[in-house]
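Let me begin by presenting the structure, written as structure tokens, before commenting on it.
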There are 2 protein chains.
Amino acid sequence: MAAVTIKDVAKRAGVTVTTVSRVLNNRGYISEATREKVYRAMKELNYQPNEIARSLLRRRTNILGIILPTVAHPFFSELAFFIEYYAYEYGYKVMLCNSQLDQKKEKEYVEMLRANQVDGIIMASHTLEVDEYLSLKLPLVTFDRQIAPDVPFVSSDNYLGGTLATNLLIDRGCRKIAHICGNLRLNMLANQRNKAFVATAQARKVEYVTVETDLNVFDMRQYDTLVLRLLEEHPDVEGIFAGSDVIAASVIKICHQRKKRIPEDIKVVGYDDVSIASFLTPQLTTIRQPIEDMGRLAVELIHKQINKEAVTVENVLPVTLVERETT
Amino acid sequence: MAAVTIKDVAKRAGVTVTTVSRVLNNRGYISEATREKVYRAMKELNYQPNEIARSLLRRRTNILGIILPTVAHPFFSELAFFIEYYAYEYGYKVMLCNSQLDQKKEKEYVEMLRANQVDGIIMASHTLEVDEYLSLKLPLVTFDRQIAPDVPFVSSDNYLGGTLATNLLIDRGCRKIAHICGNLRLNMLANQRNKAFVATAQARKVEYVTVETDLNVFDMRQYDTLVLRLLEEHPDVEGIFAGSDVIAASVIKICHQRKKRIPEDIKVVGYDDVSIASFLTPQLTTIRQPIEDMGRLAVELIHKQINKEAVTVENVLPVTLVERETT
DNA sequence: CATTTTGTGTCAAACGCTTGACATAAAGAA
DNA sequence: TTCTTTATGTCAAGCGTTTGACACAAAATG
């Protein structure tokens, strides 16, 4: 109701709105005395400049959209945390969108974000046609997928991650290994992990098998049945390279139920190194993605684009093997 | 650059902006023919009404602020997911804020949200003075704390949760039990769990001990050392009631390291039943909070307040005991 | 003393949209 | 025929800011 505006402040301080606006935006000449008066009036009236009005005029909102499959998944929840963290440092607010990898929803979100004049969109979910993104004419950053030659993306070194994991399993003596990964039909850079898995297994002459999830890799409810099926169909696997730490958790659990000892009977390598990885029992060996760096970088790339600065398109961050107790 | 406005659409369709606005907002008389013309023009120009301009006029943004300690914590990540999910159903967008339980940050977020004219704020972090919230004069919903007699809050039945967990541990034969909980100095309804724990232990004449976390309960890095200390100082505890599933995960891990068998030597009950609870090994017995319902309810309460509808202030949802393998 | 710098004011346009007031005209109903 | 309903248009104000143009005066500088 209050709806105290710049006019009220001006009246209270006995100056004009122009003057108030000047102190607010630090332009033109302002004496300490009036500056004080204005600040006092703002305090007394509990005034906050209306960012909506400002945005309209400036044609800039300082809002970033972030679209991801689901923030309920540990990887994205940590990523979202860091994105928001650094966005805040840069002075941006964050609008959160969970697409659930649903095209219709994602499309609606994209349109909504445009209608709300966000300054840029960070996309960790990209189920639409490339054109739909490009026609936005908005600063964009994608995760784990390159949608166009000039749209920067951030990812980590998936191929190396796959190689590291596979080699480790083989080094530890596994003679048959499996890779549980996301759906390979989706055009994601994470598919490189499977490429590396296959290449490494072949090069080292080890039997291998690949299991893909549903289209929605991040629907955690499917993991148990998937793992169960793998173990039924391939009772002789000795090493499993999981597509994420959550999938690895499922593997550990199912193995435990079936009295397969980890790491004695089956060795497991996860992916991501989200914080639960080290809370599991036994603690999970995993490929660490630098989630914080990825989040920071994404924000930085959006920020630079917003300010018309040049950006590098390919941003592939290093991964590291974190060996704990499951190998 | 495009910045296609309602004027461009009007020109293209050969009508006035008033007419375009009418079809956009469904008011006044519009023939099918012009409606069509207008829609076609909008399509051709790839027009999206500028929500900022609309918001300014309507004095309503359809944006909800949500402040929580950190979306990186599984409980809040799931809660945030559901809040966003239902907010979207109601036509709201969500601005995400991670306060990290830092007063300064929370204060800045609150001011930011007000400046951005959000229609309401859902607060799962409330470290400020009550007045600071009330002076906002904004629809508010809090989680797990009542800040004023007329500010609705949603929580689950913490006392019952504490009772169920404690009784279960005792029923399973524990003769000394511990409760690891958040800092009791914080004015949170979750403290009821400890009340229940103490009352139940006393009533049933079982030895008990309470361990509090740092002020920031949701900083997961402290859990291991906390649990370790508990086990050192009280090597004879036979049952642990953890303040969250993540803390329980830490307990499981540390026990495993110290060769304490679960549930044979030590029994564990978690809290929340976030999805990782069932991914742990052994699967975690826990007190289930209805996170989805809590999220939905919070949105509903905000929505009603925005529309000046009456709301019930106390919204305490039921908890249930989910017994799995750690008891 | 003349000039420049500093401080403040007035005024009005603009951002993109909605909305009310009012006018006009054609089609249908009485 | 007259009245009402339907369909469209014109015009202008307003949402809360920012900003440029311009004016004026006091203080500082030369």
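Below, chains carry the letters A, B, ... as their sequence lines are ordered, and counting in each starts from 1.
- Rounded to whole Å, atom P of D:dT6 lies 14 Å from atom CZ of B:R35.
- Per the geometry, OH belonging to A:Y29 stands 13 Å off P belonging to C:dT4, to the nearest Å.
- Contacts between residues 43-53 of chain A and DNA chain D, counted as heavy-atom distances below 4.0 Å, involve A:Y47, A:Q48, A:P49, A:N50, A:A53.
- A salt bridge links B:D293 to B:R296: at least one charged side-chain nitrogen sits closer than 4.0 Å to a carboxylate oxygen.
- The CD1-P distance, from A:I30 to D:dT19, rounds to 13 Å in whole Å.
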Might you list the N or O atoms of the protein lying below 3.5 Å from N or O atoms in nucleotides 9-12 of chain C, with each pair's distance?
residue: C:dG9; atom: OP1; partner: A:G14; partner atom: O; Å: 3.4
residue: C:dG9; atom: OP2; partner: A:T16; partner atom: N; Å: 3.4
residue: C:dG9; atom: OP2; partner: A:T19; partner atom: OG1; Å: 2.5
residue: C:dG9; atom: N7; partner: A:R22; partner atom: NH1; Å: 3.4
residue: C:dG9; atom: O6; partner: A:R22; partner atom: NH2; Å: 3.1
residue: C:dC11; atom: N4; partner: A:T18; partner atom: OG1; Å: 3.1

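- One can place CZ of B:R54 at 5 Å from P of C:dT18, the figure rounded to the nearest angstrom.
- In summary, the side chains of B:T18 and B:S21 do not present any donor paired with an acceptor at a separation below 3.5 Å, with no hydrogens or angles considered.
- Evaluated for a side-chain contact (heavy atoms from CB on, under 4.5 Å) with B:P152, the options B:L140, B:N315, B:T312 yield exactly one hit, B:N315.
- For the residue pair A:G120 and A:L138, the shortest heavy atom distance occurs at N-CD2, 4.4 Å.
- The heavy-atom pair separating B:D119 from B:N62 by the smallest distance is OD2-N, 2.6 Å.
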- DNA chain D in dot-bracket form (Watson-Crick or G-U pairs under 3.5 Å, [ ] crossing, | inter-strand) is ||||||||||||||||||||||||||||||
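- In the set C:dA14, C:dC17, D:dT19, D:dT19 carries the atom at the smallest distance from any side-chain atom of A:N25.
- Distance B:Q117 CD to D:dT17 P: 8 Å, rounded to the nearest Å.
- By the 4.0 Å N-to-carboxylate-O rule, B:R114 lies too far from B:E111 to be salt-bridged with it.
- For B:L57 and C:dG20, the CG to P distance is 10 Å, given to the nearest whole Å.
- Between B:V141 and B:I302, the closest heavy-atom pair is CG2-CG1, 3.5 Å.
- A distance below 6.0 Å separates the ring centres of A:H303 and A:Y92.
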- Please test A:F76 against A:F218 for ring-ring contact (aromatic ring centres under 6.0 Å, His included), starting from the C-alpha separation and ending with a verdict. CA-CA 10 Å; A:F76 293 110; A:F218 307 108; 4.8 Å; yes
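- A salt bridge links A:E51 with A:R54: the closest approach of a Lys/Arg side-chain nitrogen to an acidic carboxylate oxygen falls below 4.0 angstrom.
- For the pair A:L56 CG and D:dT17 C1', the computed distance is 8 Å after rounding to whole Å.
- Ion pairing between B:E44 and B:R40 fails under the 4.0 Å rule for side-chain N and carboxylate O.
- Summarising the geometry, the separation between CZ on B:R59 and C1' on D:dG16 is reported as 10 Å, rounded to the nearest angstrom.
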